[in-house]
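Values below: every heavy atom of this structure, side chains too, minus hydrogens, waters and symmetry copies. Each ligand, and each atom within it, is numbered from 1 in the order the structure gives. The first residue in the sequence is number 1, and the count goes up from there.
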Amino acid sequence: MLDELEFNNLTLDQHGDLAVLTINRPQALNALNGETLIELVEAVEAVAEAAEVAALIITGGGDKAFVAGADIGELSRLDGVYAGREASLGGQNVMHEIASLPFPTIAAIGGYALGGGLELALACDVRVASPKARLGLPEVTLGLIPGYGGTQRLSRLIGPGRALDMMLTGRQVGAEEALQMGLVNYLAENPLEKAREVAQLMTRNAPIALSLVKEAVRRGLAGSLEEGLEIEADLFGMAAATADFKEGTAAFLAKRKASFQGE
Ligand code: CO8
């Protein structure tokens, strides 16, 4: 069981088919140091291998911070092109593992989601924020640029104009503005509870279809519209060959609830 795994800087809980990963380094507002990144990978891999998990929520616990960025103490010791590039690639790989999970992932953002913290939230499919949340990519204030995927994922999510404004000013965006620009999907006083509700709405659907939707969007965004449409048609074909497709359509026609088996 996932609950039995032990970490220094995070906790992993399982409630039925829902896994909840909580970053727990409050003394540094959950900043991602090297150890936390390693634990994050271990936790994500464990969740990926747990057959019974249908969705993952990532949160910071409480209302002070989701994650206030990469650990600036560790960052400050980076020296030179090679070390910087390797550190960026290492963090990008962590975010890629999360973005590639075959089931829905939701970031529940209670407070600050800055720098690497916002990049972690951007690697999730959906973001739920508390009205107190503050989101930003302030790397330029430190003489850096986002390095865990932020320049690419933020631009794709909210468009290059709004993303450039956020990244060039380094300013923090409040929850309302984040909602308006599509940076977060939902506002809720209790983002974890809302994230659970959204996860339930998602996981009652056919699991293979969910994974194929994610794959179509992820792979499609990497290429042209024509390439994306090819990918969509291929994956639609795979969905149309599943038992769950037969079940979903049969259930609709029989006016009963579908019972999906993930086959
Ligand atoms: N790293 C390390 N420690 C942090 C961080 C951080 N990112 N953020 C906060 N802390 C620590 C503080 O130093 C402080 O520690 P202490 O109590 O020992 O002094 C503690 O957390 C509490 O923080 P504050 O006292 O500052 O709390 P406030 O409520 O006054 O302020 C803020 C909250 C506004 C969030 C403030 O802490 C802040 O600005 N934090 C830094 C935010 C930031 O710049 N984040 C981006 C970092 S850069 C980044 O993420 C790059 C990612 C890509 C890297 C790719 C290559 C590695």
Side-chain angles (χ1 to χ4, degrees), residues 7-11 21-42 44 58-99 107-124 127 129-158 160 162-178 183-184 191:
F7 303 95
N8 289 329
N9 303 310
L10 53 89
T11 58
L21 191 165
T22 307
I23 314 284
N24 184 22
R25 204 179 163 235
Q27 70 279 13
L29 304 188
N30 295 335
L32 300 175
N33 61 356
E35 186 185 47
T36 309
L37 279 175
I38 289 169
E39 291 189 347
L40 202 47
V41 172
E42 286 170 7
V44 167
I58 301 182
T59 184
D63 60 4
K64 177 73 180 173
F66 174 72
V67 169
D71 187 289
I72 297 175
E74 284 189 4
L75 266 187
S76 69
R77 293 192 285 279
L78 274 181
D79 194 11
V81 174
Y82 181 78
R85 185 170 190 280
E86 289 299 302
S88 172
L89 286 174
Q92 283 180 4
N93 283 339
V94 179
M95 304 310 156
H96 178 74
E97 287 215 27
I98 294 167
I109 304 170
Y112 291 108
L114 301 175
L118 181 55
E119 293 174 298
L120 174 61
L122 287 167
C124 296
R127 283 145 294 282
S130 120
K132 294 193 203 103
R134 310 279 305 166
L135 302 93
L137 291 177
E139 282 86 345
V140 290
T141 68
L142 301 168
L144 284 174
I145 71 169
Y148 294 166
T151 59
Q152 303 308 304
R153 289 204 174 90
L154 186 66
S155 307
R156 282 166 170 75
L157 183 66
I158 63 172
R162 283 180 286 217
L164 280 165
D165 171 55
M166 282 181 67
M167 288 187 279
L168 295 177
T169 59
R171 73 186 173 93
Q172 291 175 10
V173 167
E176 282 288 349
E177 186 181 355
L183 177 51
V184 304

For [X] and [Y], indicate whether the former's side chain and the latter's backbone hold a donor-acceptor pair under 3.5 Å.
X      : Y      : value
Thr59  : Ala108 : yes
Glu39  : Asn9   : yes
Arg127 : Ala121 : yes
Asp63  : Gly111 : no
Glu74  : Gly34  : yes
Ser155 : Pro160 : no

Can Glu176 and Val184 be said to form a side chain to side chain contact (heavy atoms under 4.5 Å, CB included), step by step? CA-CA 9 Å; Glu176 282 288 349; Val184 304; over 6 Å; no
Identify the closest protein heavy atom to [atom]: which residue and atom is it, and at what distance?
atom                    : result
atom 53 (C) of ligand 1 : Gly147 N, 3.5 Å
atom 27 (O) of ligand 1 : Leu29 CD1, 3.9 Å
atom 10 (N) of ligand 1 : Ala28 O, 3.7 Å
atom 51 (C) of ligand 1 : Glu139 OE2, 3.3 Å
atom 38 (C) of ligand 1 : Leu114 CD1, 4.8 Å
atom 55 (C) of ligand 1 : Tyr148 CE2, 3.3 Å

Give the contacting part of [X] toward ligand 1: side chain, backbone, both or neither, where contact means a heavy-atom distance below 4.0 Å.
X      : answer
Leu75  : side chain
Ala70  : both
Pro138 : side chain
Arg134 : neither
Leu32  : neither

More than 12 heavy atoms of other groups within 6.0 Å of Glu86 CD
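Check passes, neighbour count above 12.
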message = What verdict does the side chain to side chain contact (heavy atoms under 4.5 Å, CB included) test give for Met166 and Glu177, after you've listed the backbone C-alpha separation in whole Å, the side-chain angles of each residue and the deciding distance to 0.1 Å?
response = CA-CA 12 Å; Met166 282 181 67; Glu177 186 181 355; over 6 Å; no
Mind checking whether [X] has an N or O less than 3.5 Å away from an N or O of ligand 1?
X     : result
Ala68 : yes
Ile72 : yes
Ala31 : no
Lys64 : yes

- Criterion side chain to side chain contact (heavy atoms under 4.5 Å, CB included) on Arg153 and Leu157, from CA distance to verdict: CA-CA 6 Å; Arg153 289 204 174 90; Leu157 183 66; over 6 Å; no
Can a protein heavy atom be found under 4.0 Å away from [atom]?
atom                    : answer
atom 18 (O) of ligand 1 : no
atom 33 (C) of ligand 1 : yes
atom 30 (O) of ligand 1 : no
atom 21 (O) of ligand 1 : yes
atom 48 (S) of ligand 1 : yes
atom 45 (N) of ligand 1 : yes
atom 41 (C) of ligand 1 : yes

Side chains of Gln172 and Leu114: does their closest heavy-atom pair fall under 4.5 Å?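 In short, these two side chains touch, coming nearer than 4.5 Å.
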(message) Using a 4.0 Å cutoff against the non-hydrogen atoms of Glu119, which atoms of ligand 1 qualify?
(response)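 Taking each heavy atom of Glu119 in turn, ligand 1 has 52 (C), 53 (C) under 4.0 Å.
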field: ligand 1 atoms in contact with Gly115 (distance to a heavy atom under 4.0 Å)
entry: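 Reading through ligand 1 atom by atom, the close ones are 46 (C), 50 (O).
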In Å and rounded to the nearest 0.5 Å, what is the [atom1] to [atom2] distance from [X] to [Y]?
X      : Y      : atom1 : atom2 : result
Ile58  : Ile109 : CD1   : CD1   : 10.5 Å
Met95  : Glu119 : CE    : CD    : 6.5 Å
Leu144 : Leu137 : CG    : CG    : 12.0 Å

- Candidate with minimal heavy-atom separation from atom 15 (O) of ligand 1, of Gln172, Gln27, Glu86: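 Answer by nearest heavy atom: Gln27.
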- Task: Any chance you could lay out the side chain to side chain contact (heavy atoms under 4.5 Å, CB included) test for Val140 and Thr169, step after step, and finish with the verdict?
- Result: CA-CA 8 Å; Val140 290; Thr169 59; over 6 Å; no
